[in-house]
Amino acid sequence: SVCGNLAIPGFSNVATTLGTIGGGGGFQVFQTGSVNGSIIPANASVNATNSGIYSSILAGCQQTIGLAGDYSAIVGGFNNCLQSGFSIIAGGDRNRIINGGGAECQYMQSNTIIGGHCNYISGSGDASETRSSNNTIIGGLFNDIEFGCGQIILGGCQSKISGSLLSNYNAILSGKGSQILAPPGSSTCRNIIVGGCDTKMISAGHGNTILNGNFNTISGSLSCNSAIVGGTNHLSYNNQNGAIIGGFCVTASGTQIALG
């Protein structure tokens, strides 16, 4: 321990002023070009941290903390890349948290990916519709969160949440190919998809639920507290406090409750 810093057991680990590093093999702080307490392993072709202030890489291989990755960490895994302030990637491989706007981390921060393969969180560091913060992906593969705040994807495959400045706190839990989509300027909040295959919410208002089923869709900005439970190829459009339960190819709007 040097000046209160931590060197975690592993091979050839070195901690110097304000830096933290551990695990793996052949790590040390890169003295030339290190930035305000960030750490960089000795072999930059294997592990590298760039530009982030007070950021750390703990074990793993081919890891990168890049633009705007201030106060952030990558903990284990392979070929992960982080460009978001106050954020973390823990394990997994080829996961990405990317600041596409190239701005400071004020509006692109506190994002998390835990495990999984080829998961992706993106946004901009500015105050535009494309800012992204407090989003989380846990496990799964090829899952994608673009923009918004407080979005979460838990497991599953090829799921996507694409939000805007007014689209927050949506969730996809497991399933395959599920999507919650909010075009710029639309408000889509507190919606959830649980399981199922190729289910979608498009400009879907607030508080809506899709539970299992296949190829089911909730759409319309007036949709509120509606649900689709199971079944196949249903459409709920601007439905308020209504539901579609089971069956095949049912369309509901207004305040309808439909049994398939």
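If you read the sequence from its start, that first residue is 1, and numbering goes on from there. All values reported here derive from a predicted model rather than from experimental measurement.
Shown here are the ring pair (Phe, Tyr, Trp, His ring centres under 6.0 Å) partners of Phe142, two or more places apart in sequence or in another chain: His117. In this structure Ser253 satisfies the side chain to side chain contact (heavy atoms under 4.5 Å, CB included) test together with Gln256, sequence neighbours excluded. For Thr251, the side chain to side chain contact (heavy atoms under 4.5 Å, CB included) partners two or more places apart in sequence, or in a different chain, are Leu235. Residues satisfying the side chain to side chain contact (heavy atoms under 4.5 Å, CB included) criterion with Ile192, sequence neighbours excluded, are Ala171, Leu173, Val194, Thr209. Listed by chain and residue number, Asn111, Ser132 satisfy the side chain to side chain donor-acceptor pair (under 3.5 Å) test with Asn135 (two or more places apart in sequence, or in another chain). Listed by chain and residue number, nothing satisfies the side chain to side chain donor-acceptor pair (under 3.5 Å) test with Ser223 (two or more places apart in sequence, or in another chain).
For residues 166-181, the set of pairs meeting the salt bridge (charged side-chain N to carboxylate O under 4.0 Å, His left out) definition, not counting sequence neighbours, is empty. For residues 191-202, every residue pair satisfying the side chain to side chain donor-acceptor pair (under 3.5 Å) rule, not counting sequence neighbours, is listed here: Asn170-Asn191, Ser178-Thr199, Asn191-Asn208.
The hydrophobic side chain of Ile152 is isolated, with no ILVMFWY side chain under 4.5 Å apart from it.
To the nearest 0.5 angstrom, Ser236 atom OG is 5.0 Å from Ile244 atom CD1. Taking CZ from Phe248 and CZ from Phe215, the interatomic distance works out to 10.0 Å, rounded to the nearest 0.5 Å. For the atom pair CD1 (Ile114) and OG1 (Thr136), the distance works out to 7.0 Å, reported to the nearest 0.5 Å. Atom OG of residue Ser167 and atom CZ of residue Arg190 lie 11.0 Å apart, to the nearest 0.5 angstrom. One finds the CD1 atom of Ile193 at 4.5 Å from the CD1 atom of Ile210 (value rounded to the nearest 0.5 Å). Atoms CD1 and OG, from Ile65 and Ser72 in turn, are 6.5 Å apart once rounded to the nearest 0.5 Å.
Tyr237 and Met201 fall into different hydrophobic clusters, defined by Ile, Leu, Val, Met, Phe, Trp and Tyr side-chain heavy atoms under 4.5 Å apart, directly or through other members. Residues Ile161 and Leu181 do not share a hydrophobic cluster, defined by chaining ILVMFWY side chains whose heavy atoms lie under 4.5 Å apart.
At least one side-chain heavy atom of Ser203 sits less than 4.5 Å from a side-chain heavy atom of Pro183. Side-chain contact between Ile172 and Ile180 is present, with at least one heavy-atom pair separated by less than 4.5 Å. Looking only at side-chain heavy atoms (C-beta outward), Ile97 and Ser84 come within less than 4.5 Å of each other. Two residues are said to be in side-chain contact when any heavy atoms from C-beta on lie closer than 4.5 Å; Thr217 and His234 fail this criterion. Between Ile218 and Ser226, some side-chain heavy-atom pair lies under the 4.5 Å cut-off. Taking the side chain as every heavy atom from C-beta outward, Ile121 and Ile98 never approach each other to under 4.5 Å.
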Mind listing the side-chain donor-acceptor pairs of residues 143-150 below 3.5 Å, one per line with the distance, residues two or more places apart or on another chain?
residue : atom : partner : partner atom : Å
Asn143  : OD1  : Gln158  : N            : 3.3
Asn143  : OD1  : Ser159  : N            : 3.0
Asn143  : ND2  : Gly155  : O            : 3.2
Asn143  : ND2  : Gly156  : O            : 3.4

Could you list the donor-acceptor pairs under 3.5 angstrom formed by side chains in residues 73-83, with sequence neighbours left out?
residue : atom : partner : partner atom : Å
Asn80   : OD1  : Arg94   : N            : 3.3
Asn80   : OD1  : Asn95   : N            : 2.9
Asn80   : ND2  : Gln63   : OE1          : 3.4
Asn80   : ND2  : Gly92   : O            : 3.2

